[in-house]
Every structure is written in structure tokens, then in C-alpha cells.
Amino acid sequence: MAMRNKEIASIFNEIADLLEISGENAFRINSYRNAARAIEDLSEDIAALQAAGKLSQIRGIGDRTEKKIEEYLQTGKISAREDLLKKVPHGLVTLLKIPGMGPKTVATAWKQLGVEDLEGLVKSLRTGQFEKLPGMGPKKIENIKKGLDFITRSAGRKLLGIVLPIAEEIQESLRKLEGIKKVEIGGSLRRRAETIGDIDLLIEANEGEKILKKITEFPQVREVLSLGETKASVRITDDIQVDIRVVPNESFGSALQYFTGNKDHNIQLREIAIKKKWKLNEYGLFEDERRLTGETEEGIYAKLGLPWIAPELRENRGEIENANQLPKLIEQADIKGDLHMHTLASDGRCTIEEMIEGCIAKGYEYMCITDHSTSSRVAGGLDPDRLKEHIRHVRQAGKKYHKDIAVLMGSEVDIHLDGRIDYDDALMAELDLVIASVHSGLGQSSEKMTHRLLAAMDNPHVRAIGHPTCRLIGQREASEMDMAAIINHAVETNTWLELNAHWMRLDLKDVHLKQAREAGAKILIGTDSHDIASLDNMRYGIYTARRGWLETKDVVNTLPRNEFLKLLKK
DNA sequence: GCCGTTTTCGGCCCGACTGTTTTCAGTCG
Ligand SMILES: Nc1nc2c(ncn2[C@H]2C[C@H](O)[C@@H](COP(=O)(O)OP(=O)(O)OP(=O)(O)O)O2)c(=O)[nH]1
Ligand SMILES: [Mg+2]
Ligand SMILES: [Mg+2]
Ligand SMILES: [Zn+2]
């Protein structure tokens, strides 16, 4: 049975939307959203947790929600949802996605005009019925029309690897602006989340209003969504929204904390403040009117009795409860080598020597060339004869550069549908490192895929499993598999699991890395580079590793050369 | 609807910007 976590999470979000449109109690609605978030964050199959009776142990899931999940897993329905849908049209949920349309507007349009879906809304706008709604004026109408236009053309969330470089460029150009003392990137970008909704920028300046006005007049700005004394929102090219917040020096730390989020982490901190009879907001931590602290993030966390928490951990995934036993997170400088890359021999765009020089430039102590195997025909996979020739070439190049870097000869070998490996054992014995990856039959059942990966790990030559779930973020779902079984088997067979650092993959993903670390599995971070420039993608691997709570010792390619080379054989 | 060890009842984060409101609701961060 396929994992139903996402499906169930979205049902709870939908129930929350329906309840909100029908004017239910806001806290109850919040509970549904919290439950949905908790389910989205699960690394394990919700059905397995339900069967083990572990659902109610999850924070945010109580008796009532547990019952609903059980009902859904058994019958495919939740009666509470069915009842709600008899009252509230399902099509209204879509209307909430329009910027500027909230639950109140949707509810009045529904009750007073009979609007039940997107089509009905468009019609009521066209016929002029819509402007007859109470509190509705020409500006609001215009705004909603723009919002409607936006959701029809917008492609949704963007990938970290696309947006972060853009944000960093904007950051640099703003830093040069007069009157601006500091510019920091906040929000999901600072937390290095795999997908990004918008760019959040925090500015330290004294004359906020002036600065914001100046920024909204930049030529890159396509549309000004709002402009006030302390914050502004604009849209730039590619429909990227930029939210800008300006605060003075004494509030910079608290504002950065607020603006980094995530929202649930913020609420947790604010609740700690409340318990101490204080108030936390973006301007500082206050006892009545008196500011206790606010200049730095460290100061805020310290006053609340917490160590500073790395932004990558601020997801309300246990970082506050475990604040005093947080891992010492891996850093970019800890990486001693890149172990997954392609060359012209298969589908890469650079020569062996170019890739070697790229790795030397990164300061690595070792590297590994891993071109594709026979069955990856479209990717120029090497048949045994070509592999043998490639081995000679890589060894030769290795000799030339041996003073600067240890060049390992490996392969990214296909795992066949039944778990057999594309090269025979004798051939693999000639390689320093075999990463085995699935490139076909991605839609296999969870049972088959799990069995396939376990079988691959049983091969003594298979040192690591490449991009284990085969997802392409926003394009292709992860293949179904029993992650707990795979992680356990990786530990048992002493097989490494890859964290593929390409920002389209980031596979294993953060919550799976955390699960792997807890089970004692070892991770290999590889860029899967197809050219020199992509070697830079290691940064995304590090960010994701940190989001997965990984320490240096969890990652094999942090070991110094001599120690690492000893581990090449399982 | 969830949660808790000073609570099993009664809280649940807090603030900015906009528009049409003549005093603040709605939406969003
Ligand atoms: N306290 C509090 N902070 C919030 C709330 N909404 C947003 N924030 C803070 C935390 C967020 O990380 C930050 C930026 O808001 P965004 O809507 O841009 O969210 P974020 O960047 O986390 O995710 P995104 O990728 O943009 O969807 O503002 C809220 O309701 N309460
Ligand atoms: Mg954001
Ligand atoms: Mg934002
Ligand atoms: Zn691959």
C-alpha cells in the first residue's frame, strides 16, 4: 500500500479550510492545520504508525484526530468531512488560494451571491454582482482580479537552488544602498528549506519608510503589493515575491528571529515567553513595556533559557524540547571529498581531468568518478569493455594528480528491477567505490522497491545507494518504499545511503536523514555533478544534512583521506 | 481540537498594511 501521509495531511488542511469558511472556532481550525503539519513531517508511513498504536504520541494529534485517521484508513472516508461537504461546497477551498481572498470574503460571496467555485467567482466579477458585496470597493475588486490572474499563471513554490542565488544577489546590491546597515535573508531561505515560497529580507536601518520607498522604485520591481513604514512586498521577475522588513538596531535580533520562523517555531518561543509573563515579538522580548533584549538572536534564545538554535532546525520538529542536546551540525568545511560525479564518458559534460581540477580547486582530499553503467543507455552508460577502458583513463589521470588529490574510480551502477546489479562481481571488484542507484521501474510497489533495494545492499560490492527515493522535487514523487526497513538494512549491511546534493533531488530528504541518523546509518553526500560548476551544489547537500540534524560523524566523506580510504571495502 | 505536573478547564502568538469602516475587519507575514 502506498504511503498515504500526504493525502491525509491534505484532507485535514481541507477540513480546516471548510471549517474556516463556515466560521468555526479559530483554535479548532488551527488544530486541524497543526495535525496536518505533523503528518506532513512524519518520516514513517502513517498506516504503520496507526497499526502500532503510535498516532496519539505525535504532538498535535489527539484522540479525535486519531479516530479520524483510523476511519480514513479503514473506509477511505471521514464522516466529519462528508458532513461538512454537505454544507459547504468543495469548490470554495480553491478560492482561498487567491491572494487577497480570505475565508470571510469567500463565505460572503458564497452566501450572498451563490458563488461555489472558481467559475462562479469569475462570473460574479464579470457581471458586476461581486462589487455589491458589503465592504467591497473598486480597489479590492482590482486586487482580487490580480490575484486570480496570479494563481492561474503561477507555478507555485520554487526550488532552493533557483531562488537562493537570486536572493543573495539582491542582498549584495541592497548592502550597497546608503542608509542600510545590515541585510539578512530570512524565512524559508534562511532555514534552507527545499522549496521556497518567497524571498524574505530583513534590513537594519533607521529611516525605514524612505528606504522601502526607494527599494520599491528599483527597475527590477514589476509590481508593488504593499508599502508601509516597516515592511513592503513586491514582485520581481519570474513572479518571485520579495517581502522586506526594516527595523532599527535594537530590534535586529528579535526581528531576524521572527522573520526566520518557521511560524510554528515562533509560536513555541512566544508561548515560552508568555509562561514567563513576558511578550516576544519582532521588536524584542518585553516585560511589560521594558525591553529585556532584542539586539541579537542569541540574546533572545538565552533569555528564554535556550541555546541559539541553527535556522535549519527551526521547523518545530523537536528542536525546542531537545534544545540542550542538539547535534553539533555538519558544516561545509567538514567535507573532504565529492564521491558522485559524471564525465564525458557517460552523460557528463566535462573531461576526467576537468572534474579533477574542479575538485582540487574545492580543496578536497579525495574524489570519485562515477559514470553510469550499461543499462542506462540514454545516459551513455558504459558497457564492461568501455568501463575497463575508462578505468585505465581514470587511473592514469589519478597518477598525474596524485600529489593534490586521491582520485577514486567508481561507478553509479544501475539496480535492475529484481535488485540485481548491472555489473558482475568481478568487474565491480576492479572499482574503488560502487554507488548503486535505481533509474528504471520507479513506479514499482513499495514491497517490490523495498525488496529491490535490500537485495542491492546485500551485494558486497555495493558501498552506497544513490538518491534512494529517486524523487525530483516538484516534478516526480519519491518512489514508494519502506524507509525504516531500508535504513535498518543499510546499518546491518554497512551500506551507506546517499544524500544527493543536487537541489532538484536532495535525496534522502531532511526527515529521512534524521531517521537514518537515529538508526545509526552512515550518509554519503555527493553532488552527482555533470560538469565542474555543479560541484558547487555541495552547499545544498550540507544545508539539507543540517536540516536532517546530521553531525560530521554521520557523514563518511568528512573523514580525512587515509581514514576514508580504509572504508572503501564493506 | 489539543494540551497540561502550579491546569482535565480554559487557554491557544502577535503585529503590519489595506481599504472603505468613520473606528476596524480582513488578510497576510
Ligand atoms: N509569529 C508569527 N510569525 C510568522 C507568521 N507567519 C509568518 N511568520 C514569520 C515566520 C516566517 O518564516 C516568516 C516569513 O513568512 P513566510 O510566509 O514568507 O514563510 P516562510 O518564509 O517560512 O515560508 P515560505 O517558503 O515563504 O512559504 O515570517 C505568523 O503567523 N506568526
Ligand atoms: Mg518566505
Ligand atoms: Mg514572506
Ligand atoms: Zn543517478
Side-chain angles (χ1 to χ4, degrees), chain A residues 12-13 15-16 19-21 23-38 55-69 78 80 84 95-109 131 133-144 146-147 186-188 197-202 208-209 212 216 224-234 241-247 251 254-286 300 304 316 321:
Chain A
F12 284 115
N13 273 324
I15 293 176
L19 287 172
E20 202 169 24
I21 291 166
E24 250 287 350
N25 174 286
F27 300 112
R28 204 169 144 239
I29 293 163
N30 218 355
S31 297
Y32 280 101
R33 300 223 162 97
N34 286 340
R37 178 91 211 274
L55 278 183
S56 57
Q57 288 171 25
I58 299 163
R59 206 156 41 84
I61 298 182
D63 287 352
R64 313 291 298 273
T65 306
E66 183 179 14
K67 287 257 156 37
K68 290 186 176 74
I69 295 170
I78 297 174
L84 207 48
L95 301 189
L96 287 177
K97 294 195 169 54
I98 302 167
M101 284 275 282
K104 304 284 181 185
T105 314
V106 170
T108 44
E131 51 199 272
L133 291 177
M136 206 38 76
K139 294 257 181 84
K140 274 191 180 174
I141 303 255
E142 190 53 31
N143 207 23
I144 287 167
K146 274 186 186 163
S188 50
D198 65 359
I199 297 176
D200 299 294
L201 293 173
L202 178 65
E209 207 174 352
L212 286 170
T216 56
V224 179
L225 302 170
S226 72
L227 172 61
E229 292 171 36
T230 71
K231 66 186 253 191
S233 286
V234 301
Q241 182 173 328
V242 185
D243 289 344
I244 304 154
R245 195 77 205 254
V246 187
V247 293
S251 293
S254 46
L256 185 58
Q257 190 291 306
Y258 150 74
F259 217 24
T260 299
N262 72 8
K263 176 181 167 180
D264 294 331
H265 178 93
N266 287 357
I267 291 174
Q268 288 256 78
L269 290 190
R270 288 169 183 213
E271 284 176 348
I272 294 174
I274 291 170
K275 285 209 187 80
K276 295 183 189 282
K277 308 248 182 264
W278 297 334
K279 182 177 66 173
L280 177 62
N281 59 30
E282 59 266 52
Y283 299 105
L285 182 60
F286 297 88
I300 299 284
L304 294 175
N316 191 26
E321 299 88 313

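A quick note: this is a predicted structure, and the numbers were derived from the prediction, not measured. In what follows, chains carry the letters A, B, and so on, assigned in the order in which the sequence lines appear, proteins first and then strands, with residues in each chain numbered from 1.
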Rounded to whole angstroms, how far apart are [atom1] on [X] and [atom2] on [N]?
{"X": "A:Glu24", "N": "B:dC12", "atom1": "CD", "atom2": "P", "result": "19 Å"}
{"X": "A:Glu20", "N": "B:dG26", "atom1": "CD", "atom2": "C1'", "result": "11 Å"}
{"X": "A:Leu96", "N": "B:dG26", "atom1": "CG", "atom2": "P", "result": "14 Å"}
{"X": "A:Leu19", "N": "B:dG1", "atom1": "CG", "atom2": "P", "result": "8 Å"}
{"X": "A:Phe27", "N": "B:dC2", "atom1": "CZ", "atom2": "P", "result": "15 Å"}
{"X": "A:Leu84", "N": "B:dG1", "atom1": "CG", "atom2": "C1'", "result": "14 Å"}
{"X": "A:Ile29", "N": "B:dG1", "atom1": "CD1", "atom2": "C1'", "result": "11 Å"}

Contact class for [X] (heavy atom, under 4.0 Å): base, sugar-phosphate, or nothing?
{"X": "A:Gly100", "value": "sugar-phosphate"}
{"X": "A:Arg28", "value": "base"}
{"X": "A:Thr105", "value": "sugar-phosphate"}
{"X": "A:Asp200", "value": "sugar-phosphate"}
{"X": "A:Gln268", "value": "nothing"}

N/O-N/O pairs, protein side and nucleotides 3-11 of chain B side, under 3.5 Å:
| from | atom 1 | to | atom 2 | distance (Å) |
| --- | --- | --- | --- | --- |
| B:dC3 | OP1 | A:Gly60 | N | 2.6 |

If I pick the [atom1] atom on [M] and the same atom on [N], what distance separates them, to the nearest angstrom?
{"N": "B:dG4", "M": "B:dT8", "atom1": "P", "answer": "13 Å"}
{"N": "B:dG10", "M": "B:dG19", "atom1": "C1'", "answer": "36 Å"}
{"N": "B:dC13", "M": "B:dC17", "atom1": "P", "answer": "22 Å"}
{"N": "B:dT6", "M": "B:dC2", "atom1": "P", "answer": "24 Å"}
{"N": "B:dC12", "M": "B:dT7", "atom1": "C1'", "answer": "14 Å"}
{"N": "B:dC9", "M": "B:dT20", "atom1": "C1'", "answer": "41 Å"}

Only one of A:Glu321, A:His265, A:Gln268 clears side-chain hydrogen bond (donor to acceptor under 3.5 Å, both in side chains) with A:Asn316; which?
-> A:Gln268
Rounded to the nearest 0.5 Å, how far does [atom2] of [Y] lie from [atom1] of [X]?
{"X": "A:Glu66", "Y": "A:Gln57", "atom1": "CD", "atom2": "CD", "result": "9.5 Å"}
{"X": "A:Lys68", "Y": "A:Ile78", "atom1": "NZ", "atom2": "CD1", "result": "7.5 Å"}
{"X": "A:Tyr258", "Y": "A:Asn266", "atom1": "OH", "atom2": "CG", "result": "8.0 Å"}

Hey, does the side chain of A:Thr65 come within less than 4.0 Å of B:dC2's phosphate (OP1/OP2), counting only N and O?
-> yes
Between B:dC28 and A:Gln241, is there an OP1 or OP2 to side-chain N/O distance shorter than 4.0 Å?
-> no
Between the main-chain N or O of A:Asp200 and the side-chain N or O of A:Asp243, is there a donor-acceptor pair closer than 3.5 Å?
-> no
Is A:Lys146 reaching over with its side chain to a backbone N or O of A:Gly100, donor-acceptor style, under 3.5 angstrom?
-> no
Nearest to the side chain of A:Lys68 - B:dG29, B:dG26, B:dG1?
-> B:dG1
From B:dT27, B:dC12, B:dG29, nucleotide with atom closest to A:Asp243 side chain | B:dG29
Under 6.0 Å from the CG atom of A:Asp63, do we count more than 12 heavy atoms belonging to anything else shown?
-> no
Letter per nucleotide, 5' to 3', of nucleotides 14-19 of chain B [B base touched, S only sugar-phosphate touched, - untouched; heavy atoms, 4.0 Å] = BSSSSS
Going by a 90° cut-off around 0, is B:dT22 syn or anti?
-> anti
Residues forming a side-chain hydrogen bond (donor to acceptor under 3.5 Å, both in side chains) with A:Glu209, sequence neighbours excluded | none
Check the pair A:Leu95, A:Ile21 against side chain to side chain contact (heavy atoms under 4.5 Å, CB included), reporting the backbone distance first and the verdict last.
-> CA-CA 10 Å; A:Leu95 301 189; A:Ile21 291 166; over 6 Å; no
